[in-house]
Amino acid sequence: MKKRCNHTLTLRKTLLHSVISCAMAASASAWADKSNDTLIYASDSEPENVSPYHNNLREGVILSHMAWDTLIFRDPQTSEYLPLLATSWEWQDSTNLVFKLRQGVTFHNGNAFSADDVVFTFNYVVSPESKIVTRKNVDWIDHAEKLDEYTVRLVLKKPFPAALEYLSGPTPIYPSQYFQKVGIEGYSKAPIGTGPYKITKVLSGEGVNLERYDDYFEASPIPKPAISKLQFRVIPDPDARLAQLMTGDIDWIWRVPSDQADQMKMMPGLDIKSAETMRIGYLRMETTSETLKDSPFNNQLVREAVNYAIDRDAFSQDLVRGGSRSVYTPCFPSQFGCDVSAAKKYEYNVEKAKALLAEAGYPDGFETEFYAYRERDLAEAMMGYLSEVGIKANLHFMKYAALRTDQRAGKVPLSFQTWGSYSVNDASAITSVFFKGGVDDSAKDETVIKLLDTADSSVDPDTRKKAYSAAIKRISEEAFWAPMFSYSSNYAFSDTLNFTPYPDELPRFYESSWK
């Protein structure tokens, strides 16, 4: 089945040569955006709602880190926790965390930041009416209390040792007065935060415009941006993104296939950088849906067959590349608690997969619906591997929000998905999101749920590690998922731009500048 990967590589090269020819014919002479101090970056996906708590797409996470601040900042180079909206914090006991807040900070509309905003944000997002997308990010919080104008107590439901990691990541602070005035609908159209950039326009289906917030507070560990304007553009077609980069219509793209990135390194006017990320790709198999109660994936032997059917090394070494590695765990290897040795390692074995299908009652294989939302070529390569063992997959390629809705309705038997853990370096940010009994848990295994509850709440690191290890062992032996590979990311951008990639898959444009 490596022929499937080789065919994909050949097709990409043909398309790239075509795109390069067209771009050279257009012969852009300069990168127009440096002259008006506007960095235009493009991606293939659009968050369904720019409100950070109401989407979990990576593009939304990036916008969140541009336009909103959190209480704590984690230095991406040292992993040290630094004061951001909070100037200090102290554990009163294992479930009470008190923050002293920074004075003199203003939101993008000029309103002063205070304890009211912190208390409102956390009490809102833990309430059922908030309808946030990834509840695991805040479900450890019971409530927040205002002690005075610039002091807040955060009360946890039970001990949660990863609290500071989450408070430096997927927990931005909303403006209490403004949000309550406009509601989530109004906020999604005209959001404000305290971040280094402010959102000036949300263009549904097209992207988001941002401008530097000139009143951003000087004491922040985040530097005041050197580039005054950002434009995020949604360009679903990868060849169109590449062509617009080479003609100078946009300045920055990512997720460039490695073979294309290698060829682009020879092109004038472009810089290419690569970095491994915390994101992993996996096949999800539904086992709990009443709608799919007759699905073959309810059978463990079938799920094992899917795991054996995929040549992970072919994906990581031939397609993704750039530092990608084969993955067998439902987490990223460097995350706390992600015990690689605990996972069952499914080697690529077509005959083993066929034998398991026959034992499960499917000697001639079966047909299934197959869902994906990004990297169609990778999804199609996976379908090729599945067809080799007799599983015919019918592809439904759609936007992530639509896929997630169908998945939560129990309509998705098999899907190719990815998860970047909100850049949180703790196994709770992925394993517990998908296997602790929540809306996205495809297994709802009581043994795993209990183990993860222990792992997430114990204050003893060794206890946490043992519980995560046991959970990973059971998840992999039951073959609830087919984890496949870690992602690397290839960035292509104008050589007039200074840009540094980080492993947490967060492009920090506030650090960028023109040469």
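Model, not experiment: these values are computed from the prediction.
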Would you please name every residue forming a side chain to side chain contact (heavy atoms under 4.5 Å, CB included) with A342, sequence neighbours left out?
D339, S469, I472, K473

Report yes if the side chains of E276 and Y487 come closer than 4.5 Å at any heavy-atom pair, otherwise no.
no

Taking all atoms of both residues into account, what is the closest heavy-atom pair of S45 and F232, and its distance?
O-CZ, 3.4 Å

Kindly indicate, with the supporting measurements, whether the criterion salt bridge (charged side-chain N to carboxylate O under 4.0 Å, His left out) is fulfilled by K293 and E290.
CA-CA 5 Å; K293 62 183 179 181; E290 183 62 26; 3.7 Å; yes

Can you confirm whether S258 sits close enough to N490 that some side-chain heavy atom of one is under 4.5 Å from a side-chain heavy atom of the other?
yes

Applying side chain to side chain donor-acceptor pair (under 3.5 Å) to Q300 and not counting sequence neighbours gives E304

Taking K158 as the fixed residue, which of D453, D139, D142 is the one that meets the salt bridge (Lys or Arg N to Asp or Glu O under 4.0 Å) rule?
D453

In sequence, state the C-alpha distance, the side-chain angles, and the governing distance for Y400 and N55, and then conclude on side-chain contact (heavy atoms from CB on, under 4.5 Å).
CA-CA 10 Å; Y400 177 68; N55 79 81; over 6 Å; no

Counting C-beta onward and ignoring hydrogens, is there a side-chain heavy-atom pair between N425 and E165 closer than 4.5 Å?
yes

Pairwise distance OH(Y362) to CG(L357) - rounded to 0.5 angstrom
9.5 Å

Would R508 and Y502 count as a cation-pi pair here, with the cationic atom under 6.0 angstrom from the ring centre and within 45° of the axis?
yes

Between D44 and R374, is the closest basic N to carboxylate O distance under 4.0 Å?
no

Which heavy-atom pair separates F509 from M66 by the least distance, and what is that distance?
N-CE, 3.5 Å

Quick one, K411 with S289, criterion side-chain contact (heavy atoms from CB on, under 4.5 Å). Give me CA distance, side-chain angles, the key distance, then yes/no.
CA-CA 8 Å; K411 300 177 181 178; S289 169; over 6 Å; no

Taking the six-membered ring for Trp, is the centroid-to-centroid distance between Y348 and Y385 below 6.0 Å?
yes

If you measure only the distance, is there a donor-acceptor pair under 3.5 Å linking the side chains of T171 and T70?
no

Might you work through the ring pair (Phe, Tyr, Trp, His ring centres under 6.0 Å) test for F297 and F366, ending with a clear yes or no?
CA-CA 11 Å; F297 301 110; F366 59 86; 5.6 Å; yes

Test log, rule salt bridge (charged side-chain N to carboxylate O under 4.0 Å, His left out), inputs K146 and D117:
CA-CA 10 Å; K146 177 180 177 180; D117 304 299; over 6 Å; no

W68 versus T194, side-chain donor and acceptor atoms under 3.5 Å:
no

Which residues share a ring pair (Phe, Tyr, Trp, His ring centres under 6.0 Å) with F435, sequence neighbours left out:
W481

Pi-cation contact, F485 with R312 (under 6.0 Å, within 45°):
no

Evaluate the side-chain proximity of I141 to K157: yes if any heavy-atom separation is below 4.5 Å, no if none is.
no

Do the side chains of L82 and I72 get nearer than 4.5 Å, heavy atoms only?
no

Can you name the side chain to side chain donor-acceptor pair (under 3.5 Å) partners of E446, sequence neighbours left out?
none

Not counting sequence neighbours, list each pair that qualifies as a salt bridge (charged side-chain N to carboxylate O under 4.0 Å, His left out) and has a residue in residues 456-471.
K136-D456, D426-R464, K436-D456

Provide the full list of salt bridge (charged side-chain N to carboxylate O under 4.0 Å, His left out) pairs with a residue in residues 47-73, sequence neighbours left out, each pair given once.
E48-R404, R58-E505, E59-R255

Are any of the side-chain heavy atoms of Y197 and Y213 separated by less than 4.5 Å?
no

State, yes or no, whether a side-chain contact exists between T121 and Y53 at a heavy-atom distance under 4.5 Å.
yes

Specify whether F434 and W419 have parallel, tilted or perpendicular ring planes, treating 30° as the upper limit for parallel and 60° as the lower limit for perpendicular.
perpendicular

Less than 4.5 Å apart, side chain to side chain, heavy atoms only: is that true for V306 and L386?
yes

